[in-house]
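A short worksheet on the structure shown next.
Nothing here was measured: the structure is a model prediction, and the numbers come from that model. In what follows, chains carry the letters A, B, and so on, assigned in the order in which the sequence lines appear, proteins first and then strands, with residues in each chain numbered from 1.
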Amino acid sequence: MPELPEVETIKNELGPYVVGRKITGVTLLWEGMVRHPSAEELRSRLPGQRITGLSRRGKYLVFSLDSGDLMIIHLKMSGTLWLKPPDRFTRAVIHLDGSDIFFRDPRKFGSIWLVGDAGILDKLGPEPLGPDFTPDVFARRLAGRSAPIKAVLLDQTLLAGVGNMYADEALFAAKIHPLRPASSLSPEETTRLYGAIRQVLLSGISHKGASTETFFRPDGTRGSAHLQFQVAHRGGKPCPVCGTPIQRLAVRNRGTYFCPKCQH
DNA sequence: CATTGTCCCTGGAAGC
DNA sequence: TGCTTCCAGGGACAAT
């Protein structure tokens with residue numbers, strides 16, 4: 001499930017193959033992924049445009065086009081962008097005058113937009129690894145939030161890019177229980193969590209993303225970040241710090257893994 | 001505005 | 001072997 005480190009990895013590794021290339025055609029095998037405009041308009045407006053840049057905002061991939069348009073892709077649960085030939089889960093192909101891009105998405109949750117500006121991204125909170133995200137900013141944004149800290153970390157308007165896996169990892173690293181009300185964190189705990197979020201995301205990027213399920217890099221290989229996970233997707237296994245079995249509970253229908261002894 | 005629940009999707013694993 | 005159930009879960013949306 002692509003979160004910030006996985007999307008960053010795709011951006012880094014796909015960019016060299018697509019920036020500077022011209023789109024020559026679009027094949028949609030699952031039109032439901034097109035969010036704006038219509039599938040028909042997407043097919044007619046993309047060909048002929050040159051990709052001038054590829055960037056990431058939160059979990060969104062942003063392709064800049066020479067017309068000024070933006071092609072924005074969200075991979076959601078199971079999406080990947082491949083440079084290699086398609087399989088039965090390919091939902092779209094962006095044909096280029098070079099390597100084609102294959103949008104692979106078994107669960108069909110992924111989305112694509114073709115827009116004139118980045119307005120749909122305005123709602124996102126700060127980039128966790130960017131200069132605008134400081135412990136003070138984090139503390140202010142948590143203030144007044146009574147929901148469980150785990151749920152609040154998944155709110156993309158609070159902070160952009162943290163998903164289910166890295167939220168669990170950050171809470172474990174900061175030794176904070178996932179059900180703690182967000183506003184109950186002490187200043188010291190808030191600072192600790194701030195550092196933990198940045199640390200687990202940077203670790204994820206350096207390991208080229210986590211391939212717990214359907215994530216693959218553009219060349220089809222897996223990342224190795226999941227091998228570093230302490231609690232995420234490790235229900236029943238011993239806590240690497242104290243040996244207590246890792247527990248699983250559901251927070252807003254999201255599987256949440258934590259150590260009941262280490263996290264308070 | 002904050003919060004919670006439902007829904008969209010499908011394959012793989014586990015249980016019977 | 002084959003059926004059913006559960007699990008993976010980001011974000012749009014509706015309801016409170």
Nearest whole Å is fine: how far is dC6(C) C1' from Arg107(A) CZ? 13 Å
Mind calculating the distance between CG (Asp105(A)) and P (dG9(C)) to the nearest angstrom? 15 Å
Is Asp105(A) salt-bridged to Arg91(A), going by a charged N under 4.0 Å from an acidic O? no
Would you say a side-chain N or O of Asn253(A) is under 4.0 Å from OP1 or OP2 of dG9(C)? no
Does dG10(C) have Phe109(A) stacked on its base, where the ring centres are within less than 5.5 Å and the planes differ by under 30°? yes
Show me the protein contacts with nucleotides 12-16 of chain C, counting only N or O atoms at under 3.5 Å.
unit_1  : atom_1 : unit_2   : atom_2 : d
dA12(C) : OP1    : Tyr60(A) : OH     : 3.4

Just N and O in the side chain of His74(A): are any of them under 4.0 Å from OP1 or OP2 of dG11(C)? yes
Rounded to whole Å, how long is the line connecting atom CG of Leu75(A) with atom C1' of dG9(C)? 14 Å
Gap between atoms NZ and C1', on Lys108(A) and dG11(B) respectively (whole Å): 12 Å
Find the distance Glu31(A):CD to dC9(B):P and express it as a whole number of Å. 13 Å
Would you classify Ser146(A) as touching base, sugar-phosphate or nothing, given that sugar-phosphate means primed atoms plus P, OP1 and OP2, and contacts are heavy atoms under 4.0 Å? sugar-phosphate
For Asp155(A) and dG5(B), give me the distance from atom CG to atom P, rounded to whole Å. 16 Å
Between Arg145(A) (CZ) and dT3(B) (C1'), how many Å, whole number? 8 Å
Would you say the side-chain atoms of Arg198(A) and Tyr194(A) include a donor-acceptor pair closer than 3.5 Å? yes
Could you grab the distance from atom CH2 of Trp82(A) to atom OG1 of Thr90(A), nearest 0.5 Å is fine? 7.0 Å
Looking at side-chain heavy atoms only, is the closest gap between Thr27(A) and His95(A) below 4.5 Å? yes
In this structure, CZ of Phe229(A) is separated from OG of Ser203(A) (nearest 0.5 Å) by 8.0 Å
Looking at Val251(A), Thr190(A), Leu154(A), Leu193(A), which one forms a side chain to side chain contact (heavy atoms under 4.5 Å, CB included) with Ile149(A)? Leu193(A)
Quick one: do Leu159(A) and Phe133(A) satisfy side-chain contact (heavy atoms from CB on, under 4.5 Å)? Show the steps, please. CA-CA 9 Å; Leu159(A) 187 62; Phe133(A) 185 57; 3.5 Å; yes
Distance, rounded to the nearest Å, where Arg104(A) contributes CZ and dT10(B) contributes C1': 12 Å
Within the 4.0 Å heavy-atom criterion, would you say Tyr257(A) contacts the bases, only the backbone, or no part of the nucleic acid? sugar-phosphate
Against the side chain of Ala147(A), the closest entry in dG10(C), dC7(C), dT4(B) is dT4(B)
Please confirm whether the shortest side-chain N or O distance from Arg88(A) to OP1 or OP2 of dG11(B) is below 4.0 Å. yes
